[in-house]
Amino acid sequence: MKNIKKIVSIYIIMILFALTIPVNVLAQSIISNEEYIISGDGNLITLEQLLRLYRDSSEDYNNVSISYEIETLNYDIAKETLNKLNQQYKELTALEGTGIDVSSSKAQIKSSIAEINLELDTKELYKRNELELISIDKQKLEVNFMKQVYALLINLEQKELLKSNKSYLNLLYKTEEIKYKKGYITLSDLEEIKAKLRKLDADILANSNEYESLRDFINQETNQTKDNTIGIKLSVTKENYNEADKIRFFDAKVYDTELLNYTNKALYNYIDNESLTELQKKKILLQISSNNLKKSQIQTNIKTFVKKGIKEYNSIIEYFEASKLTLDNKNKKYKESQAKYKKGLITQLELSEVLLEKQSVQLEYYQYYYKAIMWKYILDNGLYGIYP
């Protein structure tokens, strides 16, 4: 079983969030900082170091660059083919008037040129914005990887809560068993506690299985053979996001609408192809209309996503601040209860109940911590469609 160590340092110098991605909004106020240590069999490794290992080792992450490189090469290959066809067309044109019938061949080549121009116009977006598109897709993969690391943190807090709950129920069972023997409660009352303990054992097993799955995933994606000790720098800052500015920022980062613009431009150029029938031209015009509707829908979805994200972030910050105050109080209460227990003023069951309350609030505290960090990162980097 892995031990959890927490080194808490509240209200000190802000520790910037793990990834070295440009942040677009300045922090207004620091709410909380701390370092969370997830113990393992290997050496201590920071989240930043873990992300570097992920970038070097993950097949999905590295395949992003390859995929876009293939798209770029397809563009270049199509360009080469277009140049050859244009040259062939010129050569055939030069033969006109010599008695050789080149009309059929010219028509075929002209049709092929139109097809390739359609492909080039559509793929031009990838050619022009290759690096930016690669960066966006890689950021999204990094976020998904970080979510697994934070899930490991939450899993360990759940484990502590489950342990506290089991300890409490075991003590409660012993207490209620005495009452049952004296006839103060019924057997069904006692069996109810036993059923809760059985359910708790299943929850503990599920928690352990989830921990192993998360560890396996992280090790696989970072090419590690041991469960390294991971140090996570947690920081929550309160931001004042401007909704209109943030929507414009996301619009500029989302290339789906730009891709539709390129596609429509390509279709408008292609519709002049003489080989097309009227029905084919009508179909192309309908496709353009459909693309315009899709563009409008994407822009609406971006606005909805950003508005929801900002509201979620603001709400989570409020919940986080409240849970922090509650946790501070629960920690004080637990220390006071420990002192009372040593003096014999309260029972072990009462002390266990206070600990259970503290662990429950602590789990909630770290869940809000995680969501606040992730929403800030998503909003600061324009990662449309990604949720904590």
Side-chain angles (χ1 to χ4, degrees), residues 1-6 36-42 144-181 184-221 224-230 232 234 316 319-320 323 326-327 330-331 333-334 337-338 341 346-371 374 387-388:
M1 305 298 284
K2 311 295 189 297
N3 294 322
I4 306 171
K5 301 175 186 175
K6 302 181 193 73
Y36 194 106
I37 304 297
I38 301 174
S39 294
D41 302 326
N144 286 327
F145 175 74
M146 285 193 299
K147 284 161 71 173
Q148 303 307 306
V149 179
Y150 283 113
L152 197 61
L153 183 158
I154 299 301
N155 173 277
L156 291 174
E157 286 300 320
Q158 289 170 335
K159 173 185 170 184
E160 291 301 299
L161 177 59
L162 291 168
K163 282 169 59 180
S164 297
N165 198 9
K166 186 170 184 179
S167 176
Y168 170 74
L169 286 176
N170 278 327
L171 289 169
L172 181 63
Y173 184 84
K174 290 178 182 178
T175 302
E176 296 301 290
E177 190 176 31
I178 294 171
K179 291 181 181 179
Y180 168 69
K181 289 177 180 178
Y184 297 141
I185 63 171
T186 64
L187 179 61
S188 61
D189 293 327
L190 200 60
E191 290 295 326
E192 186 177 342
I193 299 173
K194 192 179 286 187
K196 288 180 181 179
L197 281 165
R198 184 66 181 272
K199 168 67 165 52
L200 199 56
D201 285 336
D203 290 339
I204 290 170
L205 178 60
N207 174 267
S208 178
N209 289 339
E210 182 189 36
Y211 177 89
E212 294 302 326
S213 295
L214 290 167
R215 275 292 194 179
D216 287 345
F217 173 81
I218 292 167
N219 290 343
Q220 176 183 314
E221 292 297 300
Q224 299 295 292
T225 56
K226 288 185 177 181
D227 293 346
N228 287 309
T229 298
I230 305 171
I232 305 177
L234 301 173
I316 287 164
Y319 278 117
F320 175 79
S323 68
T326 305
L327 181 58
K330 292 296 181 183
N331 281 326
K333 185 178 178 181
Y334 182 62
S337 297
Q338 282 179 310
Y341 174 71
I346 62 173
T347 65
Q348 189 177 1
L349 177 62
E350 289 171 317
L351 178 64
S352 180
E353 187 175 5
V354 174
L355 176 60
L356 181 60
E357 290 175 1
K358 182 184 87 72
Q359 291 296 149
S360 180
V361 172
Q362 187 164 297
L363 170 61
E364 185 179 75
Y365 167 79
Y366 280 110
Q367 287 172 332
Y368 288 133
Y369 221 139
Y370 154 71
K371 288 181 181 179
M374 293 308 297
Y387 293 87

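In this chain, residues are counted from 1 in sequence order. As a basis for the values below, the full set of heavy atoms in this structure was taken, side chains included, without hydrogen atoms, waters or symmetry mates.
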Answer yes if the side chains of Thr186 and Asp189 hold a donor-acceptor pair under 3.5 Å, and no otherwise.
-> yes
Heavy-atom closest contact (Leu234 atom, Leu153 atom, distance) = CD1-CD1, 4.2 Å
With a cut-off of 6.0 Å (strictly less than), are more than 12 heavy atoms of other residues, nucleotides or ligands near CZ of Phe217?
-> yes
Is there side-chain contact between Lys147 and Tyr370, with at least one heavy-atom pair below 4.5 Å?
-> yes
What pair of heavy atoms forms the shortest contact from Phe145 to Glu221, and how long is it?
-> CE1-CB, 4.0 Å
Distance, nearest 0.5 Å, that separates CD1 of Ile38 from CG of Leu156 = 5.5 Å
Are Tyr334 and Lys330 side-chain neighbours, meaning at least one heavy-atom pair lies under 4.5 Å?
-> no
Which atom names give the shortest non-hydrogen contact between Ile185 and Glu176, and what distance separates them?
-> CD1-O, 3.2 Å
Nearest-0.5 Å distance that lies between atom CD in Gln359 and atom OG in Ser167 = 11.0 Å
Under 3.5 Å: donor-acceptor pair, side chain of Ser352, backbone of Gln348 = no
Closest heavy-atom pair and its distance - Ser360, Leu161 | N-CD1, 3.5 Å
From the list Arg215, Glu212, Glu210, side-chain contact (heavy atoms from CB on, under 4.5 Å) with Asn155 holds only for Glu210
Atom CG of Leu356 and atom CG of Leu172: how far apart are they, to the nearest 0.5 Å?
-> 11.0 Å
Rounding to 0.5 Å, atoms CG (Asn207) and CG (Leu162) come to a distance of 5.5 Å
Check step by step if side-chain contact (heavy atoms from CB on, under 4.5 Å) holds for Lys166 and Asp201.
-> CA-CA 8 Å; Lys166 186 170 184 179; Asp201 285 336; 3.0 Å; yes
Hey, do the aromatic rings of Tyr36 and Tyr369 have their centres closer than 6.0 Å?
-> no
Residues Lys358 and Asn331: closest non-hydrogen pair is CD-OD1, 3.0 Å
Could you check Leu355 against Leu351 for side-chain contact (heavy atoms from CB on, under 4.5 Å), going step by step and ending with a plain yes or no?
-> CA-CA 6 Å; Leu355 176 60; Leu351 178 64; 5.9 Å; no
More than 12 foreign heavy atoms under 6.0 Å from OH of Tyr180: is that the case here?
-> no
Can you name the closest pair of heavy atoms from Thr229 and Ile37 and give their distance?
-> CG2-CG2, 3.6 Å
Between CG of Leu363 and CD of Glu160, what distance do you get to the nearest 0.5 Å?
-> 11.0 Å
Once you round to the nearest 0.5 Å, how far does CG of Asn228 lie from CG of Asn219?
-> 7.0 Å
Does Tyr150 reach the side chain of Ile232, with side-chain heavy atoms less than 4.5 Å apart?
-> yes
